[in-house]
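Below is one structure, written out as structure tokens, with a few remarks after it.
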Amino acid sequence: MEETGTKRLEGKSVILRLEFNSNEVKFGAVAAIISEMGGDIVAIDTIHMSHEISIRDVTVNVIDASDIGRMTDAIRQIPGMTIVNISDRTFLLHLGGKIEIVPKVTIQNRDDLSRVYTPDVARVCNAIHEDEDKAFSLTIKRNTVAVISDGSAVLGLGNIGSRAAMPVMEGKAMLFKQFAGVDAFPVCLDSQDTEEIIKTVKLISPAFGGINLEDIASPRCFEIERRLKEELDIPVFHDDQHGTAVVALAALTNALKVAGKPIGEVKVVVCGIGAAGMAISNILLAAGVKELIGVDRDGIIADGEAYDSSMMRSFAARTNPRRVRGALHDALTGADVFIGVSRGGLLRRSDVLAMAPNPIVFALANPTPEIHPEDIEDIAAVVATGRSDYPNQINNVLCFPGIFRGALDCRAREINEDMKLAAAEAVASVITDEKRNKYYIIPSVFDKNVVELTRERVIQAAIRTGVARRTPKEYR
Ligand SMILES: NC(=O)C1=CN([C@@H]2O[C@H](COP(=O)(O)OP(=O)(O)OC[C@H]3O[C@@H](n4cnc5c(N)ncnc54)[C@H](O)[C@@H]3O)[C@@H](O)[C@H]2O)C=CC1
Ligand SMILES: CC(=O)C(=O)O
Ligand SMILES: [Mg+2]
């Protein structure tokens with residue numbers, strides 16, 4: 001099995017609305033063609049049925065999206081059969097967007113109206129004017145996070161712009177609410193200018209208890225986060241950096257136990273030293289990794305090379321102690337761990353074969369990983385991706401809901417290093433010694449213990465490091 005860039009089409013589900021004359025054609029004929037063309041019928045809904053005309057919605061799953069074209073061409077050849085419509089279930093789910101705002105109380109009469117709005121609301125406004133901290137208790141601020149993107153590094157899709165980023169940010173908002181009860185709002189900015197973004201986020205910050213920066217390209221994301229952290233008194237967290245780093249550390253902690261390797265003795269290669277790669281490297285160094293090599297587009301990052309950014313110069317100075325030079329393959333020779341947060345399909349089976357025995361491969365690029373698990377399952381001790389359709393999903397969704405839940409509940413001023421490390425320990429600890437194995441190094445996002453434990457550890461760390469402005473009842 002060789003080599004890089006294998007083109008793989010992702011599974012897809014479509015609904016075909018079929019109209020046919022039941023005297024002329026039987027539904028079984030269509031079903032047979034769908035099956036022959038690689039389709040799996042998962043639902044049939046009758047929309048209309050008369051003596052002659054039958055209209056049915058047929059939901060079909062296919063592994064290879066190109067099967068859909070062949071299948072519909074074949075169905076169109078059946079005499080008496082018409083395809084009225086083809087709908088993509090994912091697009092249907094996005095019609096009109098995925099979230100909405102729902103009031104907590106209903107306005108039933110003029111008295112209610114005068115309380116929620118003018119004139120009575122003015123008393124509440126004045127109370128906040130006199131003591132701005134009351135914004136936390138008397139407005140949505142205490143439970144609301146802005147999910148901010150400029151659309152410049154959306155998943156692994158690149159700079160697709162702010163409008164195209166909205167479905168991802170709406171998705172993040174859903175995850176915040178479903179997993180941690182946090183009200184999050186997607187804010188996609190029509191600017192990719194660092195100063196404009198900083199200014200805009202500061203201007204809208206009064207309404208929010210936290211800022212989650214998402215899918216903003218490096219190196220701009222580093223400066224934006226640094227300045228906002230300095231200039232705002234609410235937590236600012238770049239999810240692609242720190243969320244990914246926390247979950248990667250949690251997963252590596254457990255993967256190393258499966259592979260039987262201590263963290264201080266492993267050689268780690270991080271591919272893609274952008275937002276996620278820089279933060280993953282930093283947290284792994286803080287957690288005890290001694291030999292870490294970064295690889296970006298131009299190859300291995302090494303001290304002594306000329307880099308434009310001071311962050312890259314600092315990274316080079318802190319990593320690659322043996323001053324290895326060359327390309328990804330050179331970095332991977334003899335390495336124990338590969339962590340990819342770069343681009344889909346760039347890792348080859350031969351690269352993994354060059355690694356040390358029992359290699360650990362985290363191919364985290366989304367939506368297409370650096371290598372597909374089935375290509376190396378037989379030679380790797382542990383494989384993980386960022387996707388939900390393989391075992392071992394390393395995705396920042398495992399930590400950002402719990403981290404923000406904890407930070408909001410103790411009204412933390414910031415999310416600091418101790419809180420991130422505490423979150424990584426919490427996520428890792430959900431997998432007990434008895435349960436841990438090569439396919440189970442990281443819990444499911446649906447495991448309720450993840451958010452609960454993360455929240456608890458994050459609050460404890462915030463209190464310990466003096467950034468909590470409120471102590472929740474259970475910690476008093
Ligand atoms: N599983 C997860 O939870 C997460 C996955 N990701 C994925 O990681 C990838 C990177 O995301 P970000 O760090 O936010 O983007 P980014 O744009 O900040 O960084 C990407 C880095 O990869 C480098 N790169 C591009 N092509 C390369 C190549 N051929 N070889 C080596 N390096 C290369 C770029 O120069 C850049 O430094 C994306 O695919 C994203 O979807 C990001 C965050 C979370
Ligand atoms: C998971 C995520 O945040 C990303 O791929 O950008
Ligand atoms: Mg992201």
Side-chain angles (χ1 to χ4, degrees), residues 175 179 239 242-272 276-277 279-281 283-289 292 332 335-341 347 352 355-366 369-403 420-454 457:
L175 302 173
F179 293 121
D239 180 38
H242 313 298
T244 317
V246 163
V247 181
L249 173 58
L252 187 62
T253 307
N254 286 336
L256 288 173
K257 287 180 185 161
V258 171
K261 303 185 183 196
I263 195 161
E265 290 173 22
V266 286
K267 292 178 190 154
V268 178
V269 173
V270 178
C271 182
I280 289 173
S281 302
I283 206 166
L284 294 187
L285 293 170
V289 169
L292 184 145
L332 280 172
D336 300 282
V337 180
F338 166 88
I339 300 181
V341 268
L347 186 68
V352 180
M355 293 175 72
N358 284 336
I360 293 168
V361 176
F362 291 176
L364 307 185
N366 279 324
E370 282 79 359
I371 194 164
H372 278 81
E374 56 269 34
D375 293 349
I376 49 164
E377 213 163 36
D378 55 328
I379 52 170
V382 179
V383 187
T385 68
R387 296 164 52 124
S388 38
D389 51 356
Y390 286 111
N392 294 335
Q393 181 184 23
I394 298 182
N395 194 294
N396 43 35
V397 64
L398 271 162
C399 77
F400 68 77
I403 289 181
K420 290 177 214 161
L421 287 170
E425 276 168 29
V427 175
S429 72
V430 173
I431 310 269
T432 55
D433 289 350
E434 306 78 61
K435 289 188 185 154
R436 192 174 46 240
N437 65 60
K438 77 178 279 186
Y439 300 111
Y440 192 47
I441 55 157
I442 196 84
S444 152
V445 62
F446 294 101
D447 188 328
K448 290 204 169 17
N449 292 321
V450 173
V451 169
E452 265 168 39
L453 266 178
T454 307
R457 302 278 176 87

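Given the structure is predicted, the values throughout are model-derived calculations rather than measurements. One-based numbering along the sequence shown.
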Does Glu377 reach the side chain of Tyr390, with side-chain heavy atoms less than 4.5 Å apart? no
Here the gap from Leu292 atom CG to Leu285 atom CG, rounded to the nearest 0.5 Å, amounts to 5.0 Å
Under a 4.5 Å cut-off applied to non-hydrogen side-chain atoms, are Asn395 and Asn366 in contact? yes
Does the side chain of Leu347 reach to within under 4.5 Å of the side chain of Cys271, using non-hydrogen atoms? no
Looking only at heavy atoms, the pair that brings Ala255 and Phe362 closest together is CB-CZ, 4.0 Å
Any Ile431 side-chain heavy atom under 4.5 Å of Ile441 side chain: no
Residue among Ile379, Val352, Ile339 satisfying side-chain contact (heavy atoms from CB on, under 4.5 Å) with Val361: Val352
Hey, does the side chain of Lys261 reach the backbone of Pro359 with a donor-acceptor pair shorter than 3.5 angstrom? no
Any heavy-atom pair between the side chains of Val337 and Leu284 that's under 4.5 Å? no
Summary of salt bridge (Lys or Arg N to Asp or Glu O under 4.0 Å) pairs that have at least one residue in residues 424-435, sequence neighbours excluded: Asp433-Arg436
Validation row: Val427, Thr454 side chains within 4.5 angstrom (heavy atoms): yes
Decide yes or no for Leu249 and Leu421: does some side-chain heavy atom of the first lie under 4.5 Å from some side-chain heavy atom of the second? yes
If only atom types and distance count, is the side chain of Gln393 paired as donor or acceptor with the main-chain N or O of Ser444 below 3.5 Å? no
Which atoms form the tightest heavy-atom contact between Val430 and Pro443, and what is the distance? CG1-CB, 3.7 Å
The reported gap from CG in Leu364 to CZ in Arg387 (rounded to nearest 0.5 angstrom) is 12.5 Å
Can you name the nearest heavy-atom pair linking Ile263 to Val289, along with the distance? CG1-CG2, 3.6 Å
Do you know the tightest heavy-atom contact between Ala384 and Ile394? CB-CD1, 3.5 Å
On a heavy-atom basis, the closest approach of Asn392 and Tyr440 is OD1-N, 3.3 Å
Scanning both residues in full, the closest heavy-atom pair of Pro401 with Asn396 reads CD-O, 4.4 Å
Not counting sequence neighbours, which residues clear ring-ring contact (aromatic ring centres under 6.0 Å, His included) with Phe400? List them please. Phe176
